[in-house]
Amino acid sequence: MFLFYISAFALLALFVGSGVVIGSRGGGKKDYSLGGRKAGAAGVTGILLGALVGGASTVGTVQMAYSYGMTAWWFTLGGGIGCLLLGLRFAVPLRSSEVTTIADYLERNYGGSGCGTAIAFTATVSSSIGTFISICAQFLSCIALIRGVLPLPAWAASIAAAVSIWGFIAAGGMKSFSTLGTAKIFLLYIVLVLCAGAACWHGGFVPTAKALGFHPWFNLFGRGILPELGYLASMIVGVFTTQIYIQALAAAKDAAAARAGAFASAVLMPPMGLLGTWVGLSVRASGVEIAPDKVLSWFIMDSFPPLFGGLIWGGVLITVVGCAAGLILGIATNITKNFIPKKLTEKYASKNSMIQQGLVILMIIIAALSGIGGSGSMILEWSFMSMGLRGAGTFFPFVLAVLRPGLLSPPWALASSVGGLAAMLLWAVMGLPQDPLFAGLAASALCVTAGAILGKRRLSL
């Protein structure tokens, strides 16, 4: 096991050190949140997948596949579909707008009668809370990975995760995240292919399928049509309304790079989840009884020689750490640009980067504490809830602002934003059946439809 630990933590130290070196190479304050708007297609892909593919796509996917089967694929499949839709119609106008945050875009398009500011505030709050839940999921994944190979209590594993995440982005910001995000995805593909290959070597598809049966293990709708469609919807609306994903497009050197990066992400993401799902299914078919969140760590240690296994395990940990880093950076940008009064940001412009870095540390501490409390829970459930909360009220106003600017009046856009978020939260609090996201999207869509119809009538008069 000594060789396992040495190789794993040497790989992690290499990535953290590389981030510090890359981040220290010139650039200035603008580089911290946008990388100087110089990212090519590969850089955009690195940011998108660096923030999308993390603990949920690896530890969480294996955990849910081991527990429930193919339903675990919805996270990466839905994320890929979301990136595809971004590339088809949204990447070019978003990059061409030169905005940094979703709230800025909403305020620019609905900036009448004070509604634009209110919509931007609602979007920022829902996106930040939802994204923070996803950060907590990354901590749950880190804790599960670390405790899967080391006999540590949850609090000690959480501290180790916090230090790793802070080190990953301490000096680099978006500049290092873009470069290392690309390397991280390349590394993860190798890791997942090796793990899936080892699973096939141990069992093979046909024996695994016979041992488990089609339903629910190989049925993509094994937990019911509506719950699975809720997972898909949460991923699509979450991709459209999460700051770091839109920030990835804003960091592109031009609109073509933004579009190409979104398309590449759409192609690369779904296979990752499918490989992880296969690992979880193979362990379930083998009859091994283990805590679901520790399945991936156990599988790596059981399937590979210590030195090689440590590199593979370290690659997964880097994926989770990098994802948490990107999400934290996105929230820090959101808060700095949309919660802090503009008068203060203009007066103390030179300190904005310092404020962002302080927010990064604060969020890491709070998320680490949350991770300790939720240790052992189903990681993907946190992630789906996170994505849905971000988009319940923001998705439709944001889509219309991009596709049909001016169609929806500011008051109706505000009603859609607030109504969607309130309906989702109320549905969840009351414990009503089915996914609360459906209630939020229905309320938001109802306001959008009413506003669009009334707007057309007003223009025809």
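In this text the structure is predicted, and so the values were computed from the model without any measurement.
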Heavy atoms, side chains only, cut-off 4.5 Å: are I331 and M363 in contact?
yes
Check: F4 and L307 side chains under 4.5 Å, non-hydrogen atoms:
no
Residues S141 and G55: closest non-hydrogen pair is OG-CA, 3.2 Å
Distance from L249 atom CG to L48 atom CG, nearest 0.5 Å?
6.0 Å
Checking F218 now: which residues fulfil ring-ring contact (aromatic ring centres under 6.0 Å, His included) with it, not counting sequence neighbours?
F205
For the student: nearest non-hydrogen atoms of F438 and L229, plus distance
CZ-C, 4.0 Å
Using distance only, find each side-chain donor-acceptor pair of residues 370-379 under 3.5 Å and give its atom names and separation, not counting sequence neighbours.
{"unit_1": "S370", "atom_1": "OG", "unit_2": "I366", "atom_2": "O", "d": "3.1"}
{"unit_1": "S377", "atom_1": "OG", "unit_2": "G374", "atom_2": "O", "d": "2.7"}
{"unit_1": "S377", "atom_1": "OG", "unit_2": "W382", "atom_2": "NE1", "d": "3.0"}

With sequence neighbours excluded, residues passing side-chain hydrogen bond (donor to acceptor under 3.5 Å, both in side chains) with S127:
none
Taking all non-hydrogen atoms of both residues into account, name the closest pair between C200 and W278 and its distance.
SG-NE1, 3.3 Å
Going by heavy atoms in the side chains, are L441 and F396 under 4.5 Å from each other?
yes
Measure the shortest side-chain to side-chain distance between D293 and L140 over non-hydrogen atoms and say whether it is less than 4.5 angstrom.
no
Has the side chain of R95 got a donor or acceptor atom that lies under 3.5 Å from a matching backbone atom of A258?
no
Say you draw a straight line from CD1 of I165 to CD of Q138; how long is it, rounded to the nearest 0.5 Å?
8.0 Å
State, with a plain yes or no, whether a side-chain heavy atom of L52 is found less than 4.5 Å away from one of C323.
no
Would you list the atom pairs, donor with acceptor, under 3.5 Å between side chains in residues 230-240 and any protein atom, with sequence neighbours excluded?
{"unit_1": "Y231", "atom_1": "OH", "unit_2": "R223", "atom_2": "NH1", "d": "3.2"}
{"unit_1": "Y231", "atom_1": "OH", "unit_2": "E381", "atom_2": "OE2", "d": "3.0"}
{"unit_1": "S234", "atom_1": "OG", "unit_2": "G230", "atom_2": "O", "d": "3.4"}
{"unit_1": "S234", "atom_1": "OG", "unit_2": "Y231", "atom_2": "O", "d": "2.7"}

Are L437 and F384 packed together at the side-chain level, in the sense that at least one heavy-atom pair is separated by less than 4.5 angstrom?
no
Could you check whether any side-chain N or O of W217 sits under 3.5 Å from a backbone N or O of A211, counting only pairs where one atom can act as donor and the other as acceptor?
no
Sorted by chain and residue number, the side-chain hydrogen bond (donor to acceptor under 3.5 Å, both in side chains) partners of D302 (sequence neighbours excluded) come out as none
Assess the residue pair F214 and N219 against the criterion (side-chain contact (heavy atoms from CB on, under 4.5 Å)); give the C-alpha distance rounded to whole Å, side-chain angles, the decisive distance to 0.1 Å, and a yes or no.
CA-CA 6 Å; F214 174 74; N219 184 358; 3.8 Å; yes
State, to 0.1 Å, how close A266 and G80 come at their nearest heavy-atom pair, and which atoms those are.
CB-O, 3.3 Å
Just how far is it from atom CG of L425 to atom CE of M430, taken to the nearest 0.5 Å?
13.0 Å
Strictly by ring pair (Phe, Tyr, Trp, His ring centres under 6.0 Å), give each pair with a member in residues 39-74 just once, sequence neighbours left out.
W74-F221
Decide side-chain contact (heavy atoms from CB on, under 4.5 Å) for C142 and V321; before the verdict, give the C-alpha distance in whole Å, the side-chain angles of both, and the deciding distance to 0.1 Å.
CA-CA 7 Å; C142 278; V321 167; 4.1 Å; yes
Under 3.5 Å, which donor-acceptor pairs do the side chains of residues 147-161 form with other protein atoms, sequence neighbours left out?
{"unit_1": "R147", "atom_1": "NE", "unit_2": "L152", "atom_2": "O", "d": "3.0"}
{"unit_1": "S158", "atom_1": "OG", "unit_2": "A368", "atom_2": "O", "d": "2.8"}

Sequence neighbours excluded, which residues qualify as side-chain hydrogen bond (donor to acceptor under 3.5 Å, both in side chains) partners of S416?
S444
Between T71 and L220, is any pair of side-chain heavy atoms under 4.5 Å apart?
no
Mind listing the closest non-hydrogen atom pair of F299 and A199 along with its distance?
CZ-N, 3.6 Å
Tell me every residue that passes side-chain hydrogen bond (donor to acceptor under 3.5 Å, both in side chains) with T242, counting only those two or more places apart in sequence or in another chain.
R390
Would you say CG of L432 has more than 12 non-hydrogen atoms from neighbouring residues, nucleotides or ligands within 6.0 angstrom?
yes
Which label fits F304 and F308: parallel for a plane angle under 30°, tilted from 30 to 60°, or perpendicular past 60°?
perpendicular
Rounded distance [0.5 Å steps], CD1 in I133 versus OG in S383
10.0 Å
Can you check side-chain contact (heavy atoms from CB on, under 4.5 Å) on F132 and I328, steps first, answer last?
CA-CA 8 Å; F132 184 77; I328 289 171; over 6 Å; no
Indicate the atoms forming the closest heavy-atom contact of A123 with L106, along with that distance.
CB-CD1, 3.5 Å
All pairs passing salt bridge (charged side-chain N to carboxylate O under 4.0 Å, His left out) where residues 227-238 contributes a residue, at least two apart
none
Got M269 and V53 here, is their nearest side-chain heavy-atom distance under 4.5 Å?
yes
Taking it one step at a time, do F263 and V267 satisfy side-chain contact (heavy atoms from CB on, under 4.5 Å)?
CA-CA 6 Å; F263 283 147; V267 172; 5.8 Å; no
Just how far is it from atom CG of L145 to atom CD1 of I318, taken to the nearest 0.5 Å?
11.5 Å
Quick one: which residue pairs count as a salt bridge (charged side-chain N to carboxylate O under 4.0 Å, His left out) with a foot in residues 54-66, not counting sequence neighbours?
none
When rounded to the nearest 0.5 angstrom, what distance separates CG in L86 from CD1 in I246?
5.5 Å
Residue pairs passing the side chain to side chain donor-acceptor pair (under 3.5 Å) test with at least one member in residues 304-332, sequence neighbours excluded, are S297-W313
